[in-house]
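These notes are about the structure you will find just below.
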Amino acid sequence: MTAEALLENERKETDSNLLEERVHTDVESEQISNLLSDETVSHDVTRAALVTKDQIMAIVSHDLQNSIVAISIGAHLMRRGLSEDAVDTVSLLETLGMIEQGAAGMDRLISALLDVERMAQDKLILKLERVDVRAILQECVDLFAPVVSSKSFSMTIHTGPEPIFADLDHDRILQVLSNLIGNALKFTPNGGTIELSARKQETQVEISVTDNGPGIPEQATALIFERFSQLKSNDRRGLGLGLFIAKWIVGAHKGRIWVTSNVGKGSTFSFTLPLDPGSQ
């Protein structure tokens, strides 16, 4: 009986040890599985980052190269023109315009990339001030007047009779509007119309840029505010960062941005900004 009792106790102790060993093994197995899973996720994130980096490098290299080629060709044409006895002033000015466009394109590209980097590190800081929205719309009209005239466009402003004051970063909102107007000019055929409007609401102002261009397919409207988004895969008239940055800037102002569009009839890009408390 004593021997049986001892054997029973040993059996129970052995079973308990085996159970503890199984639990320990299961915990270790789960930990290893979690580590492998984390490693897989980390690998996928790293790979996605590398793919994105490769995409950025490809796009940036392509766009920078185009600008550099334009500048180089312009410089060559100027050198050849100046070496001739009779200098054609008209051709010289056109060539200078080509060089300026190339330099401006490079500047826009670099500025966009710097903005994205600042956004990623939360270092894009707004300098808010009390600004009359009507004045900034008029500034846009004056800024784009030469391009609008060269393409036989018409650009109008529609607002109420009273000033609309909002708390905003003047330069950044001008950047947003310039991007929206630039896109309208880019995609709307010559002779089109662009309308800038501002509508005062209870606590905010709604600003819109409307064109009568080709419009945007419904399935694309949710994607155009994403980074590197292009309406057409073979369209390289830009880096695809303008609307992405515009969305961030408007969001930083505690507003929102969206688009409504009818294919074949045109598009309206709208965004909201908080009104100055004294204007509400």
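Just so you know, residue 1 is the first one in the sequence shown, and it goes up from there.
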Pair Ile207-Leu137, side-chain contact (heavy atoms from CB on, under 4.5 Å): steps then yes or no: CA-CA 9 Å; Ile207 303 169; Leu137 293 182; 4.1 Å; yes
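- Taking 4.5 Å as the limit, some side-chain heavy atom of Ile157 sits within range of a side-chain heavy atom of Gln138.
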Could you walk me through whether Ile224 and Ile216 pass side-chain contact (heavy atoms from CB on, under 4.5 Å), step by step? CA-CA 9 Å; Ile224 57 175; Ile216 303 169; 4.0 Å; yes
Applying side-chain contact (heavy atoms from CB on, under 4.5 Å), run through Glu195 and Val209 and close with a yes or a no. CA-CA 6 Å; Glu195 179 184 306; Val209 177; over 6 Å; no
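- Shortest non-hydrogen contact noted between Ala246 and Ile257 is CB-CD1, 4.3 Å.
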For residues 90-100, dump all side-chain donor-acceptor pairs below 3.5 Å to protein atoms at least two apart in sequence or in another chain.
| residue | atom | partner | partner atom | Å |
| --- | --- | --- | --- | --- |
| Ser91 | OG | Asp88 | OD2 | 2.9 |
| Thr95 | OG1 | Ser91 | O | 2.9 |

What donor-acceptor contacts under 3.5 angstrom involve side-chain atoms of residues 168-177, with partners at least two apart or in another chain?
| residue | atom | partner | partner atom | Å |
| --- | --- | --- | --- | --- |
| Asp169 | OD1 | Asp171 | N | 3.2 |
| Asp169 | OD1 | Arg172 | N | 3.2 |
| Asp169 | OD2 | Lys127 | N | 2.7 |
| His170 | NE2 | Glu139 | OE1 | 2.8 |
| Arg172 | NH1 | Asp115 | OD1 | 3.2 |
| Arg172 | NH1 | Asp115 | OD2 | 3.0 |
| Arg172 | NH1 | Gln175 | OE1 | 2.7 |
| Arg172 | NH2 | Asp115 | OD1 | 3.3 |
| Gln175 | NE2 | Asp115 | OD2 | 3.0 |

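- Sorted by first then second residue, the salt bridge (Lys or Arg N to Asp or Glu O under 4.0 Å) pairs that include residues 203-221, not counting sequence neighbours, are Arg199-Glu206.
- Qualifying side chain to side chain contact (heavy atoms under 4.5 Å, CB included) partners for Arg79, counting only residues two or more places apart in sequence or in other chains: none.
- Of all non-hydrogen atoms in Val133 and Ala166, the two that sit nearest each other are CG2-CB, 4.0 Å.
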Show the atom names and distances, to 0.1 Å, of all donor-acceptor pairs under 3.5 Å that link a side chain in residues 146-155 to residues at least two apart or in another chain.
| residue | atom | partner | partner atom | Å |
| --- | --- | --- | --- | --- |
| Ser150 | OG | Pro146 | O | 3.4 |
| Ser150 | OG | Val147 | O | 2.8 |
| Lys151 | NZ | Leu185 | O | 3.3 |

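- Both Leu143 and Val141 belong to a common hydrophobic cluster when Ile, Leu, Val, Met, Phe, Trp and Tyr are linked at side-chain heavy-atom distances under 4.5 angstrom.
- Closest non-hydrogen pair, Asn179 versus Gly242, comes out as ND2-CA, 3.2 Å.
- Tested against Phe269, the residues Ile181, Asn183, Leu243 include a single side-chain contact (heavy atoms from CB on, under 4.5 Å) partner, Leu243.
- From Leu196, atom CG reaches atom OG1 of Thr159 across 10.0 Å, with rounding to the nearest 0.5 Å.
- Of all non-hydrogen atoms in Ile194 and Ala184, the two that sit nearest each other are CD1-CB, 3.7 Å.
- In terms of modelled atom types and a separation under 3.5 Å, the side chain of Asn212 and the main chain of Gly266 share no donor-acceptor contact.
- Of all the heavy atoms in Phe165 and Arg130, the pair that sits closest is CD1-NH2, 3.3 Å.
- Pairs engaging residues 245-264 under the side chain to side chain donor-acceptor pair (under 3.5 Å) rule: Ser261-Ser267 [sequence neighbours left out].
- Here the closest non-hydrogen pair linking Leu275 and Asp167 is O-OD2, 4.3 Å.
- If you take CD1 on Ile136 and CD1 on Ile164, they are separated by 12.5 Å, rounding to the nearest 0.5 Å.
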